[in-house]
Protein chains: 2
Amino acid sequence: MTIKEVAELAGVSSAAVSRYLNGGSLSEEKRERIRKTIEETGYHPNLVAQTMRTGHIRQIGVIVPKIHSDSVSQVTAGIARQLRQRGYVTLLGSTDHEEGGELGYLDIMQNNQVAGVILMGTCLTPILSDAMRECRVPLVVTGQNYPGFACVYHDDYNAVRELTRLLLERGHDRIAFLGVTEKDVAAGQQRRLGALDAVRGAGLDPNAVPVTVCEFTAESGYLRMKEILKRHPEINGAVCATDTIALGAMKALREQGRKIPEEFGIAGVGDSWACSTAVPELTSAHLYYRECGEDAAAMLLSLIEQQETEAPTEMPVRQMMLGYKIIERGSV
Amino acid sequence: MTIKEVAELAGVSSAAVSRYLNGGSLSEEKRERIRKTIEETGYHPNLVAQTMRTGHIRQIGVIVPKIHSDSVSQVTAGIARQLRQRGYVTLLGSTDHEEGGELGYLDIMQNNQVAGVILMGTCLTPILSDAMRECRVPLVVTGQNYPGFACVYHDDYNAVRELTRLLLERGHDRIAFLGVTEKDVAAGQQRRLGALDAVRGAGLDPNAVPVTVCEFTAESGYLRMKEILKRHPEINGAVCATDTIALGAMKALREQGRKIPEEFGIAGVGDSWACSTAVPELTSAHLYYRECGEDAAAMLLSLIEQQETEAPTEMPVRQMMLGYKIIERGSV
DNA sequence: TCCTATAATGAAATCGATTCCAAAATTGTT
DNA sequence: AACAATTTTGGAATCGATTTCATTATAGGA
């Protein structure tokens with residue numbers, strides 16, 4: 001079914017049908033004939049042809065490091081939900097943490113003529129930064145604060161700072177920090193800084209805090225925790241950059257017979273569903289992943305609409321930081 | 001940058017440039033001039049225009065019930081990976097379990113002129129079945145065996161049967177089954193049948209097995225398990241339709257002071273990462289989610305390629321069942 | 001050298017929509 | 001009734017690619 005065939009059947013020109021669909025002067029009589037024909041034929045305009053002619057496409061590219069991950073899929077759910085509500089569809093690209101995967105997808109998305117891109121940030125390399133700057137369509141970053149780019153991200157620093165403060169208040173004053181790669185500014189650097197600043201704020205020596213770097217897995221948390229317990233048997237608490245790491249670490253603590261929370265306090269970040277199935281339940285900082293996705297999508301769409309309507313006035317880069325909520329459970 | 005501009009710069013016709021890109025007779029001299037011009041300008045053909053002209057689009061619609069879920073995101077990762085490898089992109093639609101959401105997305109995908117659709121199945125309603133049959137592009141279902149449609153799914157029945165057999169062999173001979181809605185044939189009906197048939201196979205009475213229906217959450221598993229323990233204090237084992245439910249159920253068991261695995265055995269399905277962080281670690285049936293996604297994508301692409309090349313010969317519907325692997329851990 | 005195959009070439013048609021424009025129809029004003 | 005202003009209308013151009021087709025250049029064979 002094409003617009004021409006509909007026009008033919010309704011006995012009008014294709015221009016008339018187009019005007020019917022998009023608004024334009026049309027006699028009531030033809031309007032009715034066209035309405036009926038479209039109803040009977042079940043005609044839907046071809047979006048590809050529409051895009052071709054107008055240059056407007058309602059597809060948004062979403063580039064994520066690995067869709068199979070609790071936090072990533074939550075953010076993606078938020079994005080997809082918001083986009084759908086506003087009549088857009090999601091073009092998903094999952095890099096599987098492949099080196100330079102974002103670059104490839106940035107190209108793919110642009111070849112597909114997407115109206116905008118949401119990039120879930122992990123490590124910002126100069127080469128990626130360049131590619132992002134050269135991106136011909138609006139772009140919003142989630143989960144990281146990339147200076148100079150529109151971002152929606154979490155208050156990682158204060159979330160972990162408060163979490164650590166809670167541990168210290170509970171008397172777990174010789175803590176270790178199980179972090180992730182520093183290449184990841186939000187989850188790596190910010191969370192570590194938050195933990196160490198809380199230690200400093202309590203009048204303790206941050207240099208005495210054992211700091212280790214884990215993968216984003218429970219297995220890695222388990223192994224690193226075991227090492228720390230061997231090297232620093234005196235510690236009585238651990239702040240972990242993610243829940244997964246914390247849950248792995250708890251296994252190591254059980255093996256060593258450390259009593260949680262009496263002799264040892266532990267906390268994670270992300271408020272994963274698994275927190276409440278652990279023994280004891282894991283204290284964590286809730287981050288608003290879904291909202292992050294929704295806000296990022298909303299921000300992107302407003303950038304796109306701005307670009308389409310207004311003259312290209314210079315606009316300020318928008319950065320949005322979302323709060324957090326400490327969920328206290330039995331592990332501290 | 002359009003093909004015309006490239007042609008202009010290279011001093012050839014746009015037809016020549018098109019032939020350069022798609023193969024066709026071209027003198028070595030022009031070939032070189034075009035190559036250089038494309039390199040200098042960084043020209044990429046406009047995929048929308050290409051699609052417009054050829055009718056071939058390299059986008060696949062993927063409709064899932066809820067992207068924020070362990071199993072769903074694993075399958076999606078497999079799909080996206082396979083599609084990317086073969087030069088396709090993923091148009092993601094997450095229905096958030098909204099009533100009739102699949103129908104809406106089926107329309108959206110077709111309006112976007114996708115080359116094919118992968119539908120992650122949950123509940124098959126007659127109305128959905130009709131919509132799927134009316135789908136104008138090839139379609140593959142994952143996770144469910146919908147008769148008459150191309151499917152890639154798991155051996156849910158035998159996975160749970162073997163799991164249950166294991167529990168019984170370990171002496172947990174008075175088991176309960178914590179299932180999910182029967183509207184979901186794979187996770188609801190097949191898994192329940194597997195459990196009950198194993199009971200029957202062991203010479204026990206399947207009618208004596210308490211069966212309950214949970215949501216797909218740990219909280220729900222916790223509540224239902226608590227009820228079962230109150231009503232049937234004699235039971236000494238539980239087979240759960242998902243790991244999440246099982247992990248929730250374990251919390252109820254702890255509260256009641258049931259010793260796992262000495263006095264009580266429990267098992268789940270899905271081999272979630274959280275299985276190995278539980279105390280004791282949860283025995284589960286590993287389902288090949290990622291492979292399911294990859295195989296579904298491969299199957300869809302072969303259908304598409306078949307359709308594009310061959311005459312429309314009548315082809316048999318392909319149904320692929322994937323195996324499972326029992327991962328025995330401390331909970332049985 | 002001449003003639004026939006074959007390769008190379010670009011003008012033009014095409015995909016399905018939107019939109020400009022000039023012409024036709026309708027309305028309102030004297 | 002005559003004219004101006006406004007609305008309605010469909011033909012044709014357009015978006016950026018591919019592909020057909022007729023034509024020209026080249027190669028190979030006698």
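Chain naming here is simple, since letters A, B, ... match the order of the sequence lines and numbering starts at 1 in each.
- Salt-bridge annotation for B:R81 and A:E98: absent, with no side-chain N of the basic residue lying under 4.0 Å from a carboxylate O of the acidic one.
- Atom pair A:M52:CE and C:dT18:C1' shows a separation of 12 Å (rounding to whole Å applied).
- Spacing between atom CZ of B:R33 and atom P of C:dA8 amounts to 15 Å, rounded to whole angstrom units.
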Next item on the list: Dot-bracket for DNA chain C, please, read 5' to 3', with Watson-Crick or G-U wobble pairs under 3.5 Å on both distances, ( ) within the strand, [ ] crossing, | other strand, . unpaired.
Entry: ||||||||||||||||||||||||||||||
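- Here A:S18 lies in heavy-atom contact (under 4.0 Å) with a base.
- Here B:H68 and A:Y289 keep their ring centres 6.0 angstrom or further from each other.
- Nearest-nucleotide assignment on DNA chain C puts the 5′-proximal partner with B:E28, out of B:E28 and A:A49.
- Positionally, the nearest nucleotide of DNA chain D for A:R53 lies more toward the 5' end than for the other of B:T2 and A:R53.
- The environment of B:R84 atom CZ is dense: over 12 non-hydrogen atoms of other residues, nucleotides or ligands sit within 6.0 angstrom.
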Next item on the list: Test A:R33 against A:T37 for side-chain hydrogen bond (donor to acceptor under 3.5 Å, both in side chains), laying out the working first.
Entry: CA-CA 6 Å; A:R33 283 221 307 276; A:T37 316; over 6 Å; no
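- The distance from atom NZ of B:K4 to atom P of C:dA13 is 13 Å, rounded to the nearest whole Å.
- Atom pair B:L26:CG and C:dA7:P shows a separation of 14 Å (rounding to whole Å applied).
- For the atom pair CD1 of A:I3 and CG of A:L21, the computed distance is 6.0 Å after rounding to the nearest 0.5 Å.
- Exactly one of B:I108, B:L91, B:V89 qualifies for a side chain to side chain contact (heavy atoms under 4.5 Å, CB included) with B:V114. That residue is B:L91.
- Contact annotation for A:A16: backbone-only contact, meaning every heavy-atom pair under 4.0 Å involves sugar-phosphate atoms and none involves a base.
- Between the P atom of C:dT18 and the OH atom of A:Y20 lies a distance of 13 Å, rounded to the nearest Å.
- Remark: B:E8 CD is loosely packed, at most 12 non-hydrogen atoms of other residues, nucleotides or ligands lying under 6.0 Å away.
- Remark: B:S94 OG to B:I63 CD1 distance equals 10.5 Å, nearest 0.5 Å.
- As a whole-Å value, the separation of A:H44 NE2 from C:dA17 C1' is 16 Å.
- Spacing between atom CD of A:E29 and atom C1' of C:dT26 amounts to 14 Å, rounded to whole angstrom units.
- Contact footprint of chain A on DNA chain D: nucleotides with an atom under 4.0 Å from a non-hydrogen protein atom, first to last in 5' to 3' order, D:dT8 to D:dG16.
- A sub-4.0 Å separation between OP1 or OP2 of C:dA17 and a side-chain N or O of A:N46 is absent.
- Comparing B:T54 and B:S25 along DNA chain C, the residue whose closest nucleotide (by nearest heavy atom) sits nearer the 5' end is B:S25.
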Margin query: Run the side-chain hydrogen bond (donor to acceptor under 3.5 Å, both in side chains) test on A:Q59 and B:N112 for me, step by step, so that the C-alpha distance in whole Å, both residues' side-chain angles and the decisive distance to 0.1 Å come before the verdict.
Written below: CA-CA 9 Å; A:Q59 297 190 345; B:N112 275 278; 3.2 Å; yes
